[in-house]
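Structure, as C-alpha cells:
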Amino acid sequence: MKFDVQALDRKWQDHWKEHKTYRTPDDTDRPKFYVLDMFPYPSGSGLHVGHPLGYIGSDIVARQKRQAGYNVLHPMGFDAFGLPAEQYAIDTGVHPSESTARNTARYREQMERLGLSFDWDRSVNTSDPNYFKWTQWIIGQVFEHWYDRSAERARPMSELVTYLEQHGTEGLQAAESEPMTVSATEWQAMSEKEQSDLLMNYRLAFRSVSYVNWCEALGTVLANDEVKDGRSERGNHPVEQRPMLQWSLRITAYAERLLAGLETVDYSEGLKAQQVNWIGKSTGALVHFDIEGHDGGFDIFTTRPDTIYGTTFMVIAPEHELVEQLTTEEQRGEIDDYLTYVGRRSELDRMSENKVTGAFTGAYATNPLNGARVPIYIAEYVLKDYGTGAIMAVPSDDERDRRFAEKFGIEIIDVVDKSDYPGATLKDKVGKIINSDFLNGMEVPEAIAAATRRIEELGRGTEQTNYRIRDLVFSRQRYWGEPWPIVYDANDVPQLVPEDKLPVTLPTMDDFRAVSGASPLERASDWVTTPDGRRETDTMPATAGSNWYYLRYMDPHNPGAFVGQDAVDYWQDVDLYVGGAEHAVSHILYSRLIHKFLFDIGKVPTREPYKKLLNQGMIGGPISYIHLGILLADDGQRHPIWVSSDVAEGTSLEVDGVGKGYLVLDESTGTRLTPLRFVTETSVNNESSFRLYHTSVEEAQRLDHQDAAYFRTILQQGAAFAWHTDKEGRQYLELSVEQGKMSKRKYNAVNPDDICDRYGADCFRMYEMFLGPIDQAKPWSVSGIDGVYRFLRRFWNLFVGNGDALAVSDEPGSREEMKILHTLIRKVTEDVEKLSFNTCVSAFMVATNELTKLNCNKLAVLEPAVRLIAPFAPHLAEELFRALGGAGSVHHAAWPEWEEQYLREDSITYPVAFNGKTRLTLEFAAEATRQDIEAAARADAQVQGYLEGKEVRKVIVVPKRMINFVVG
RNA sequence: GCCGCCAUGGCGGAAUUGGUAGACGCGCUGGAUUCAAAAUCCAGUUCCUCCGGGAGUGUGGGUUCGAUUCCCACUGGCGGUACCA
C-alpha cells in the first residue's frame with residue numbers, strides 16, 4: 001500500500017465510473033437532498049483553479065448528505081448555446097456544435113479529474129434537441145398565457161379570449177404593454193390579425209417594438225444585464241438604443257412576487273439587495289397635466305407628490321411621442337438641433353459626460369393643483385422607458401432638476417423646509433412643507449399622502465407603484481440558440497408550433513454572420529418556409545436554456561414532459577445552489593421568474609427554485625508585467641531593454657550586448673503581460689516578490705506552447721535584459737504585479753489539472769477548501785499546498801507501518817483517543833452544515849497531529865475517521881476504507897455520529913481575570929459549582945497575590961468558562 | 001452618489017457567537033538526521049520590554065465585570081449599480 005496519489009486518483013476514478021457509484025436512484029423512500037452547481041458555459045479555455053472552489057464545496061455537501069442517508073441529487077451539465085461559440089465559428093469556420101462538443105468533453109474530463117461525485121447519467125446539454133424541445137415548449141406556454149392582476153397569476157390565453165368576447169377590456173386587470181380599451185362588440189368585429197395583435201399586448205411572451213440595446217458588432221440585440229457601461233459584456237463592443245420589433249418576456253408582471261419571494265429564501269444579504277435594486281420598486285403617484293392649447297395632456301410619475309407646488313417646469317424624454325406635437329414653430333429649430341445632438345450621442349457619451357442639456361418645446365402645461373403655467377422642456381436626463389417618460393421638475397427638491405433650472409434660468413420655489421433636519425440631503429424624504437397651500441406645515445410623509453389623496457379626489461391622478469425592471473428582451477438575431485417555436489401564417493398571425501412538432505431544430509449552415517440586424521437564419525430559406533407559413537428567425541438568448549435546467553435533472557430522459565410530475569413532486573426544489581456571484585442578478589432572477597410561471601400553471605409544487613444559495617468567492621491570480629525601458633547609450637543610440645520594475649529613471653546601467661548608458665522611460669515602452677508559468681514567486685525580506693529568471697526566458701524559447709509563443713514575441717521587443725543577480729548568482733528581473741480575475745487573456749489562469757497531477761485530487765480539494773471561507777474572494781497561491789500534502793501523508797501514515805503495509809490494531813481506543821475522534825466528528829459534522837470547510841480541514845489536521853503523537857493505529861479510532869474524511873479526500877478514503885475491510889464504497893458508508901460521553905471533560909482550565917485582564921489559569925472539576933469555584937479561587941495563593949491590598953467588589957464566575965475578579 | 005461585503009501576526013486565516021486573541025497551515029529562525037542536498041522530525045515564532053511586565057484585532061468614542069464579537073461616528077479596500085423622477 002503505497003501513498004501514490006496519482007495511482008489512487010486513477011484507480012478510484014475508473015472504479016467509480018465503471019460501477020456508477022454516484023448514480024442517483026429514483027428512490028422515494030429516503031429523504032431527498034438536491035445540491036446543484038451553477039450551469040457552466042464550456043468555454044474554450046477550460047477550467048481554471050477558481051472554478052472548482054464551488055464544485056468542491058458542493059461536492060463535500062453532496063457526499064456528506066449521501067453518507068448521512070439522504071438520496072442526493074448532484075448533477076452537472078452544460079449551458080451550451082451562446083455567443084462565444086458562434087463568434088468562434090465566424091472566426092475559425094468551426095461549427096458551434098463541434099467546438100461546443102469539444103469544450104464540453106474537456107470540462108467533463110477536468111471535473112472527473114477532481115473526483116467530483118456527479119451522476120453523469122443525468123447530465124444535460126441545452127443545445128441537445130431532446131433538451132431544447134422543452135425549452136421551446138416552456139416558452140410556448142409562456143406565449144400561451146397572460147397575467148391576471150386580480151388573481152396575481154398567469155392564466156391561459158383562451159380564458160382571456162373568452163373574457164374579451166363577453167366584456168371587452170372592461171374590468172380587465174391584466175399585465176399589458178400599453179393601456180388598451182376595446183368593447184366586446186369591437187373585439188368580435190376584429191379580423192383574426194387584429195385580434196392577434198391585440199392579444200400580443202397581454203401575452204407573457206410577446207412581440208413588440210421597443211427601445212432595445214443594439215450591438216452592431218455582434219449583430220444582435222442584448223438584454224440589460226448583458227450590457228455593462230454602454231458596452232456588450234461579451235466582446236466589449238459599443239451598444240446603442242434602437243427601436244426594434246423584438247420578442248420579450250413580461251417579467252414586469254412578476255416584479256412584486258419576485259420581490260416578495262426573496263423573504264422566503266436563504267440568500268446572502270448582498271445578493272438579495274442586488275435583486276431588490278434590479279427590480280427597483282418605488283411608490284408614488286401618477287399625475288395628469290393638461291397642456292395649454294392641446295387636448296389630452298400627459299401623465300407623469302413622481303414619488304414626491306408633496307412637492308407639486310414647487311413644479312416650475314416639466315421635462316419629457318426626447319423620444320417621447322408628444323415632442324412632435326408640442327413643439328411650437330418658434331422652437332422647432334432648437335428642438336430639431338437638440339434631437340440631432342441626442343441622436344448622435346452614444347450611450348457611452350451620456351454616461352461619461354453627464355452634462356446638463358435640453359431644449360424648450362414652446363409649450364406649457366398646467367399644474368392641476370394651482371393652475372400654474374409651467375414650460376415643457378425635453379432633456380436626455382429623462383428616460384423614455386422609466387415611468388411615463390415625463391416628469392414634473394421640482395428644482396428646489398431634486399438635484400437634477402436644480403442643475404437644469406440653474407442652467408436654463410428657471411424659477412426655483414422652496415417647498416420643503418429642512419431646517420429641522422441638519423445634514424439631510426435633497427434625497428431624504430424629510431422636512432416641513434412650505435409655500436404649498438393646504439400642504440403647508442405638514443411633514444413630508446404626511447404631505448405625500450395628503451397630496452396623493454387630493455390628486456385622486458380631483459380625478460387628476462392616482463397612487464402608483466413603479467418598477468425599474470424592464471421586460472426581458474428575449475430575441476437574438478443569431479444562429480446558435482433555440483429557434484422561437486413560432487410560424488407566421490398567411491395572415492401574418494404568429495402561431496405556436498404544436499408540441500408534436502417540437503423541437504424546431506436549427507438548419508445546417510456554415511455562415512453565421514448576422515447582416516444588418518437580420519438573423520443568419522433568414523438565409524436558410526428552405527428552413528424558413530414551411531407548409532404552415534414562415535418561421536420566426538430570431539433565436540432565444542442563452543438564458544432560455546439555463547432558466548429551468550435544474551428541473552430537467554430531476555427527470556432528464558423523460559420524452560413526454562420537461563419533467564415528470566412524480567419526479568418534481570419528490571425532488572421539489574434545490575436545497576443548496578452554489579455558484580459565482582456574476583450570476584447573482586440575471587440568472588437567478590430569470591429562473592425564479594420561470595419557476596413562478598410554472599408554479600402558476602401547476603407544473604411545479606414550489607414557489608421558489610432555490611432554497612439556499614451560496615456564492616463562492618472569486619479566486620484571483622497575479623497579473624505580472626515585465627517592464628520595458630529605453631537605454632540611452634553613451635553613443636546616443638536608444639535601445640529598448642527589459643528592466644526590473646524597481647529601477648528608476650535616470651539610473652546608469654551597463655547591459656550586455658548593448659553597452660553603457662542610462663535609463664529613460666516613456667509612454668511607448670511601459671509594461672507587457674508576463675504569462676504566469678514564467679514567473680517565479682519568491683520571498684525576499686519577508687515580502688513576496690515576483691521575478692522573471694533568466695532560466696525562464698530560456699525555457700520560453702524551448703517550449704511549444706501558446707503562452708510561450710506569445711512570450712517569445714513579446715521578448716523580441718527588447719534588445720537586451722538588464723538583469724539583477726541574486727545571492728545564488730541567478731539572473732532575474734523584478735516584475736510588477738496586481739491581483740485580478742483569472743483569465744486566459746491575462747495569462748494568469750492556473751489549470752487545476754496541473755495541480756492534481758502534482759499533488760493528487762484529494763490534496764487539491766483540501767487545499768482549495770483550506771484557503772479560507774468559501775464565500776470570500778482570495779488570491780491563488782500555491783504556498784501552503786505542501787502543508788496540506790504533508791498532512792495527508794501523516795493521515796495515511798496512521799494506517800501503515802514500516803514498509804507500506806497496513807498496520808492497524810483491534811484494541812479499543814483509549815479515552816484520550818476516543819475524545820480526539822469524537823471531537824473531530826462533532827466539529828466536521830457541524831462545520832459542513834455551516835459550509836465552513838476551511839475549519840473542517842484544520843480539524844482534520846489537529847486530530848491527525850494528536851493521533852500521530854499518541855502513535856494511535858487503532859481501528860476503532862481510525863475507521864470512523866476514514867468515513868469522516870471521505871467527502872474531502874474521496875480517493876484516499878476509498879483506498880483506506882477498503883483496505884480496512886469495509887464493505888462497498890466508503891461514499892455510501894454511514895456518516896459517523898459523535899457521542900457526548902467521549903466529549904465530557906473531567907476538569908476544566910479556567911482563565912482567572914482581574915478587572916477583565918487574564919492573569920493566570922486554575923483547574924477545577926467539570927461539575928464544580930459557582931460557589932465552589934469562587935471559594936477555591938479566592939483561597940488560591942497566586943490569586944491572593946493579585947488581590948493583596950485591594951478590595952474585591954464582585955466576583956463573576958461563569959461555570960465551564962472563566963472567573964473574573966472586579967477589584968478596587 | 002447609492003446598496004452590499006470586508007478589515008485580526010511577515011502571509012492565508014481561527015476564535016464554541018460577549019468569556020485565555022492569533023487554532024491550523026505557509027514562511028522564517030535554530031536544532032536532529034545526512035558526506036551533502038532533498039525529504040522527514042523536534043523546538044521557537046504578534047509587537048515592545050529594564051524580563052517585573054506592558055501594548056495589541058483599520059481609527060475614534062460608547063455599552064459591559066469583560067468587546068475581534070454589540071452600538072455610534074469615521075478611514076481604507078472589494079463587488080454591484082447609477083441622470084430611475
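Within every chain, numbering begins at 1; the chains are lettered A, B, ... in the order of the sequence lines, protein sequences first and strands thereafter. Everything numeric here is computed off the predicted structure, so don't read it as measured data.
Atom C1' of nucleotide B:C5 and atom NZ of A:Lys778 are separated by 14 Å, given to the nearest angstrom. Between A:Leu271 atom CG and B:G80 atom P there is a gap of 13 Å when expressed in whole angstrom units. Taking atom CG on A:Leu589 and atom P on B:G80, their separation rounds to 17 Å, with Å as the unit. One interatomic measurement links the two molecules: CG of A:Asn964 to P of B:G19, which rounds to 13 Å at whole-angstrom precision. The distance between atom CZ of A:Arg790 and atom P of B:A38, rounded to the nearest whole Å, is 13 Å. When rounded to the nearest whole Å, the span between CZ of A:Arg470 and C1' of B:U81 equals 16 Å.
At a threshold of 4.0 angstrom between heavy atoms, the contacts of A:Val846 are confined to the sugar-phosphate backbone, with no base atom among them. Nucleic acid contact for A:Ala273: sugar-phosphate only, since backbone atoms but no base atoms lie under 4.0 Å from a heavy atom of the residue. Within the nucleic acid shown, A:Arg794 comes within 4.0 Å of sugar-phosphate atoms alone, with no base atom in reach, counting heavy atoms only. Nucleic acid contact for A:Val382: base, since at least one base atom lies under 4.0 Å from a heavy atom of the residue. Residue contacts shown for A:Pro779 are absent, as no nucleic acid heavy atom lies under 4.0 Å away. Using a 4.0 Å heavy-atom cutoff across all strands shown, A:Arg919 reaches sugar-phosphate atoms only and no base atom. Using a 4.0 Å heavy-atom cutoff across all strands shown, A:Lys741 reaches no nucleic acid atom at all. Here A:Leu771 lies in heavy-atom contact (under 4.0 Å) with sugar-phosphate atoms only.
Here the side chain of A:Met962 is nearest to one of B:C41, B:U20, B:G19, namely B:G19. For A:Arg400, taking side-chain heavy atoms from C-beta onward, the closest of the listed nucleotides B:C65, B:U17, B:C83 is B:C83.
One N or O on the side chain of A:Arg592 and one on the backbone of A:Leu258 form a donor-acceptor pair closer than 3.5 Å.
The 5' end of RNA chain B is approached more closely, in terms of each residue's nearest nucleotide, by A:Thr839 than by the other of A:Thr839 and A:Asn849.
Regarding contacts with the backbone of B:G66, every side-chain N or O of A:Asn915 stays at 4.0 angstrom or more from both OP1 and OP2. The phosphate of B:A85 has neither OP1 nor OP2 within less than 4.0 Å of any side-chain N or O from A:Arg468.
Base-pair partner of B:A14: not found among the strands shown (Watson-Crick or G-U wobble, both distances under 3.5 Å). Across all strands shown, B:A39 forms no Watson-Crick or G-U wobble pair with both distances under 3.5 Å. The pairing partner recorded for B:G27 is B:U45, the criterion being a Watson-Crick or G-U wobble arrangement whose two distances lie under 3.5 angstrom.
For A:Phe404 and A:Phe313, the distance between ring centers is under 6.0 angstrom.
Spacing between B:C72 and B:A67 at atom C1', rounded to whole Å, works out to 15 Å.
Ring geometry, A:Phe791 versus A:Phe844: the interplanar angle falls from 30° to 60°, so the pair is classed tilted.
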